[in-house]
Amino acid sequence: MRRRADGVLEFMGRADAQVKVRGFRVEPAEVEAALARCPGVVRAVVTARPAPDGGKALAAHLVLAPGAGLRAVREEAARTLPVHLVPSLWACIDAVPLTAHGKVDRAALPEPRAAAEGRREPRAGREAALCALFAETLGTADVGPDGDFFALGGHSLLALRLTSRIEAALGVRVPLAALFDAPTPAALAGRLGAPADDGFGPLVALRPGGGDRVPLFCVHPGFGLGWAYTALLPHLSPGHPVYALQSPALRGATGLPPTMGAMAEQYLTHIRRVRPHGPYLLLGRSFGGLLAHELAARLRAAGEEVGLLAVLDAMPKPPSAGPLDPGAVEREVLRLLLRNNGVAAAAGPDGRAGVFARIRGGDGPLAGFDDARLGAVAESMAHHIRLAHTWHPSPYDGPLTLFSATRAAEATTGEKTAAWRPWAAVLDVHELDCAHSDVLGTGPAGTVAAVIDDVLRGK
């Protein structure tokens with residue numbers, strides 16, 4: 001800062017080396033200090049390098065003691081550092097280059113790369129082809145046979161592109177659920193052509209897990225799909241199972257639950273098959289936030305422990321006395337379908353057939369859906385709009401974590417907080433600098449995951 005002649009303070013830039021990586025503010029010196037404490041590390045320099053997605057990636061340049069190995073350092077870093085502070089690029093150097101003034105010459109540091117020490121070469125054939133397709137989709141130079149698609153920054157939209165590329169290149173259809181269950185080239189190569197879930201079931205394992213770790217259950221938004229929660233996976237500590245609850249309408253189910261309470265009871269049967277008793281960890285986006293609250297309230301009423309109830313940009317609304325106009329519901333469904341698939345609204349009337357055709361002509365997450373599947377999504381959305389219109393929250397005696405989008409928001413953070421305050425014992429509020437439709441984008445997803453990961457680490 002400096003004071004101008006007119007008395008105004010002028011910001012001259014940061015005096016520290018803080019960088020922003022995947023939505024997190026990172027102090028490289030703190031990561032350097034942590035790496036320097038790892039056995040075998042003589043000196044560590046951490047920088048931010050361009051990432052394939054246009055953001056930044058942490059890079060570590062290490063001077064190692066004789067006989068020390070990079071793999072051990074990486075494993076220790078993963079064990080001791082929060083996941084968002086673990087470098088994704090690595091380089092071993094003989095000495096740290098210095099300027100004439102004795103400072104680190106960062107421009108002279110060699111170009112790092114994703115660590116490959118101890119990594120085997122892919123087997124010829126499908127495994128090698130999948131490695132190349134993974135790398136092409138992720139926008140990186142190289143992916144090994146054991147590289148996890150989601151840990152390397154993949155998300156639901158990229159996953160859809162990858163499955164399309166696999167089908168085009170290898171002539172094998174890969175359901176999205178198969179990629180969730182086998183997210184590495186080596187694992188996926190062994191499953192190509194085998195019968196697999198289509199990814200539209202009521203409960204999808206985004207990250208299967210074993211042992212006694214408490215899973216995170218993510219409740220679908222109005223679309224009925226839970227795939228977008230894959231954006232959280234690269235930011236969450238490995239090993240914790242993550243499941244997505246999805247609408248039965250996606251598989252053509254009729255006779256959908258007539259109330260939010262009935263829907264919660266139906267969904268609890270799926271949750272209890274995975275985890276019969278608490279603690280339960282729940283996260284819901286938009287409409288899913290309302291349903292997550294209802295699930296938490298019913299679990300607590302049954303005497304179960306709820307370790308987390310997180311609501312991602314949602315708020316209860318006072319029930320309206322009158323019924324919703326079917327025409328208004330349909331227009332809202334079509335508007336949301338277009339907006340959330342990156343398609344501009346048409347100037348004139350645009351019915352379902354026109355909207356569906358325009359979605360398939362784009363590259364949004366639903367571009368590969370046929371009319372039947374898009375119709376199921378539309379029916380799911382209409383049903384959820386009607387349920388939210390009449391829902392009245394059930395009493396819940398636990399804390400609620402609220403994430404509030406602040407850009408072009410229909411309601412302010414204060415209004416969302418006030419709407420939830422009567423229905424939770426304690427409110428923990430976090431603001432996201434994004435629009436409602438972008439709450440699971442790269443930056444906001446990192447912020448959300450950091451809060452959730454603190455809970456997961458204690459479970």
Side-chain angles (χ1 to χ4, degrees), residues 21-22 48-61 69-71 73-75 77-78 83-84 86-92 110-194 196 199 206-208 227 230-239 242 363 442 445-446 449:
V21 178
R22 289 185 176 180
R49 297 293 176 108
D53 62 2
K56 296 288 187 181
L58 283 183
H61 294 79
L70 180 57
R71 178 188 293 180
V73 177
R74 297 200 321 266
E75 291 175 351
V83 66
H84 65 282
V86 178
S88 53
L89 302 171
W90 302 80
C92 291
E111 194 64 28
R113 57 174 292 169
E117 179 186 305
R119 190 186 79 189
R120 65 175 177 83
E121 290 300 311
R123 299 181 180 92
R126 284 182 166 180
E127 189 173 278
L130 287 173
C131 287
L133 291 168
F134 271 52
E136 177 187 350
T137 304
L138 291 166
T140 188
D142 184 35
V143 173
D146 300 311
D148 187 300
F149 181 79
F150 298 107
L152 293 171
H155 49 73
S156 58
L157 179 54
L158 285 179
L160 288 167
R161 291 176 184 170
L162 174 59
T163 56
S164 296
R165 285 172 172 166
I166 293 172
E167 184 172 3
L170 303 180
V172 180
R173 182 177 176 273
V174 179
L176 196 63
L179 183 59
F180 296 152
D181 197 40
T184 70
L188 191 59
R191 302 194 180 199
L192 293 185
L206 302 183
R207 182 197 280 168
W227 300 349
T230 56
L232 299 175
L233 300 183
H235 306 284
L236 296 174
S237 297
V242 180
D363 62 354
T442 302

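Since the model is a prediction, treat every value here as computed from it, not as a measurement.
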Between A128 and P122, which heavy-atom pair has the shortest distance, and what is it? CA-CB, 3.9 Å
Please tell me if the side chains of L232 and V242 come closer than 4.5 Å, counting only heavy atoms from C-beta onward. no
Nearest atoms (heavy-atom pairs only) where P183 meets D148: CG-OD2, 3.4 Å
Distance, nearest 0.5 Å, that separates CG of L179 from CZ of F150: 4.5 Å
I need the minimum non-hydrogen distance between V143 and P185, along with the two atoms involved. CG1-CG, 4.3 Å
Okay, side chain of R207, backbone of L233: is any donor-acceptor separation there less than 3.5 Å? yes
Could you list the donor-acceptor pairs under 3.5 angstrom formed by side chains in residues 165-173, with sequence neighbours left out?
unit_1	atom_1	unit_2	atom_2	d
R165	NH1	T137	OG1	3.1

For W90 and L70, the nearest pair of non-hydrogen atoms, with its separation, is CE3-CD1, 3.7 Å
Identify the two heavy atoms, one from E121 and one from E127, that lie closest to each other, and give their separation to 0.1 Å. O-OE2, 4.4 Å
Give the ring-plane orientation class for W227 versus F180, where under 30° counts as parallel, over 60° as perpendicular and anything between as tilted. perpendicular
With side chains defined as the heavy atoms from C-beta onward, is the minimum distance between F149 and L188 less than 4.5 Å? no
Kindly indicate whether the side chain of L130, heavy atoms from C-beta on, has any atom under 4.5 Å from the side chain of L192. yes
